[in-house]
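For reference, the structure discussed in these notes is given below.
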2 protein chains.
Amino acid sequence: MAYRETPRMRERKAATRQRILAVTHERVATGGFRNASVAGIAGDAGVAIGSVYRHFDGKSELFAELFRNATQREVQRVAEALEQPGSRQQALQEALRVFAQRALRAPNLAWALIAEPVDPLVDEERLRYREAYARHFQSALEQGIANGEFAPQNPRLASAALVGAIAESLVGPLSPAAADLSQDAASQLIEDIVQFCLHAVQPLGG
Amino acid sequence: MAYRETPRMRERKAATRQRILAVTHERVATGGFRNASVAGIAGDAGVAIGSVYRHFDGKSELFAELFRNATQREVQRVAEALEQPGSRQQALQEALRVFAQRALRAPNLAWALIAEPVDPLVDEERLRYREAYARHFQSALEQGIANGEFAPQNPRLASAALVGAIAESLVGPLSPAAADLSQDAASQLIEDIVQFCLHAVQPLGG
DNA sequence: GAATAAATTGAATCATTATTCACTCTTTAG
DNA sequence: CTAAAGAGTGAATAATGATTCAATTTATTC
């Protein structure tokens, strides 16, 4: 026998794998999954096309893993905001702000994660992603409804509607490109959105 | 000279053109623009592939025209509801209901019109479509804000958020497939959505 | 019926991308 | 240094789907 995988090689391979994921992220964040061809990714990562297939079983698997990584981070941030003890209104407000801020900072990425059609493997991940959001928002809404901080309503639907309202406001073609917004205008937009969403779930009494 | 276009032929051509548009609509309503290949369209319409190109300059133009037709109808319905005189709340409620009902009845079409990425020509039309919606919703909101029926808010943003909330609630993967809903469940879903949206724009006092 | 012009056809072509695989290059162990 | 085994390569292949166009058919006029 002669060749055996060493820690050195294992690390190097892991680094390449990471690099491929990183440049894919870059491409998706710039122009969506459509913009992420295998040839382009390989080029950006400085490896041959075939090498991408050495690290991933195929484009779908690469995309699915990327999606999982990216969304995990997003959901994590929102979940943290919602897990703050105390007023459900304040927790929801903060979570919405986090969601909106992150989406506004990377609108193409947000769109790719929320809505862009890609392929069945990614769709599966997306389902999990949405369910994760729904779980968090929904439970905060349920708690708030129970303690009177929010109006009685269908929490599952409201959670979807909140996500939709934010997504459309931020990434829909109606909104000016995020890049063109001044810092102030961006903050104002986020505050408007958060206000709209909070208002939507609050009891009519205030 | 010998051949000259006669009314008979003109009609026949127009009929074929219409048939192509109709089967394209059918396909888009079933599985989105992705499902509408030129070969499939030609087959459905009972003409050769090449004939599609006799009636349309290309797939993009065919799609753009189809999109224009389909959205015109949608916007028209919503606009009619909003143009009812009297309470802005009631008008908005009715318009939201119409929007939601139509989207729920043809969720794939709704998704194709609202969000599916297709090509730049369609994107242009989509921009107009959204602007048309925005104009109508926005002006109703502005009137309602002015007369105190709605809470003071950014009407442009609220209009986008309303569209997003409905779209996500209805066509997002969280919602069960529309086909599986009983008549009652569908009505309930629509009422919940309308309630959410109305609540979002109402003054806190009620 | 013959001549003409337009309409129709669909196989061939072009374009785009994912995927493969025979080959070369590197790394490792002895 | 050499042999073995894995890693890396990228031209070739495969799959999909839009578009073209030479040949054919059909409609019209005289």
Side-chain angles (χ1 to χ4, degrees), chain A residues 1-21 23-24 27-28 31-67 116-123, chain B residues 1-21 23-24 27-28 30-67 116-122:
Chain A
M1 76 249 65
Y3 182 91
R4 198 92 316 208
E5 187 184 61
T6 59
R8 186 174 114 78
M9 274 311 273
R10 188 160 30 248
E11 263 170 48
R12 205 211 286 186
K13 281 202 294 180
T16 301
R17 197 171 194 283
Q18 269 317 111
R19 193 147 31 87
I20 291 171
L21 280 169
V23 303
T24 304
R27 277 187 170 252
V28 171
F33 286 99
R34 263 206 295 198
N35 187 43
S37 68
V38 176
I41 290 167
D44 290 356
V47 299
I49 291 174
S51 298
V52 174
Y53 288 87
R54 202 154 278 282
H55 292 283
F56 299 91
D57 279 349
K59 200 181 140 145
S60 299
E61 278 75 11
L62 166 57
F63 279 1
E65 180 164 342
L66 168 73
F67 191 97
E116 184 179 5
V118 190
D119 81 48
L121 262 188
V122 168
D123 288 348
Chain B
M1 76 248 64
Y3 182 92
R4 196 91 319 206
E5 187 184 60
T6 58
R8 187 175 114 78
M9 275 310 274
R10 188 162 29 251
E11 264 171 47
R12 207 212 282 189
K13 282 202 294 180
T16 301
R17 198 172 193 282
Q18 269 318 109
R19 193 147 31 88
I20 291 171
L21 279 168
V23 303
T24 304
R27 277 187 170 253
V28 171
T30 305
F33 287 99
R34 263 205 297 197
N35 187 45
S37 68
V38 176
I41 290 166
D44 289 357
V47 298
I49 291 175
S51 298
V52 174
Y53 288 87
R54 190 154 288 276
H55 293 283
F56 300 92
D57 279 350
K59 200 180 137 143
S60 299
E61 277 76 10
L62 166 57
F63 279 2
E65 180 163 343
L66 167 74
F67 191 97
E116 184 178 6
V118 191
D119 81 48
L121 262 189
V122 169

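Keep in mind that what you see is a predicted model, and the values were worked out from it rather than measured. Note: hydrogens, waters and symmetry copies are ignored here, and every other heavy atom, side chains too, is used. Throughout, protein chains are lettered first and strands after them, A, B, ... in sequence-line order, and every chain is numbered starting at 1.
- Following rounding to the nearest Å, Asp119(B) (CG) and dG17(D) (P) show an atom-to-atom distance of 16 Å.
- With rounding to the nearest 0.5 angstrom, the CZ atom of Arg19(A) is 13.0 Å from the CD1 atom of Ile41(A).
- Whole-Å rounding puts the Phe56(B) CZ to dT20(D) P distance at 16 Å.
- Phe67(A) is not listed as a side-chain neighbour of Val28(A), based on a closest heavy-atom distance of 4.5 Å or more.
- Listed by first then second residue, pairs satisfying ring-ring contact (aromatic ring centres under 6.0 Å, His included) with a partner in residues 39-60 of chain A number zero, not counting sequence neighbours.
- The nearest whole Å value for the distance from the CZ atom in Arg4(A) to the C1' atom in dA7(D) is 15 Å.
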### Query
Could you write nucleotides 7-24 of chain C as a row of B, S and -, 5' to 3', where a protein heavy atom under 4.0 Å of any base atom gives B, of only sugar-phosphate atoms gives S, and otherwise -?
SBBB-------SBB----
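- For the atom pair OG1 of Thr16(A) and CG of Leu21(A), the computed distance is 11.0 Å after rounding to the nearest 0.5 Å.
- An OP1 or OP2 oxygen of dT27(C) is reached within less than 4.0 angstrom by a side-chain nitrogen or oxygen of Arg8(A).
- Taking atom CZ on Arg10(A) and atom C1' on dA7(D), their separation rounds to 15 Å, with Å as the unit.
- Rounded to an integer number of Å, the gap from Ile41(B) CD1 to dT19(D) P is 11 Å.
- Whole-Å rounding puts the Glu61(B) CD to dA18(D) P distance at 14 Å.
- Partners of Glu116(B) according to the side-chain hydrogen bond (donor to acceptor under 3.5 Å, both in side chains) rule, which considers only residues two or more places apart in sequence or in another chain, do not exist here.
- Nearest heavy-atom pair across Asp119(B) and Ser60(B) is OD2-OG, 3.0 Å.
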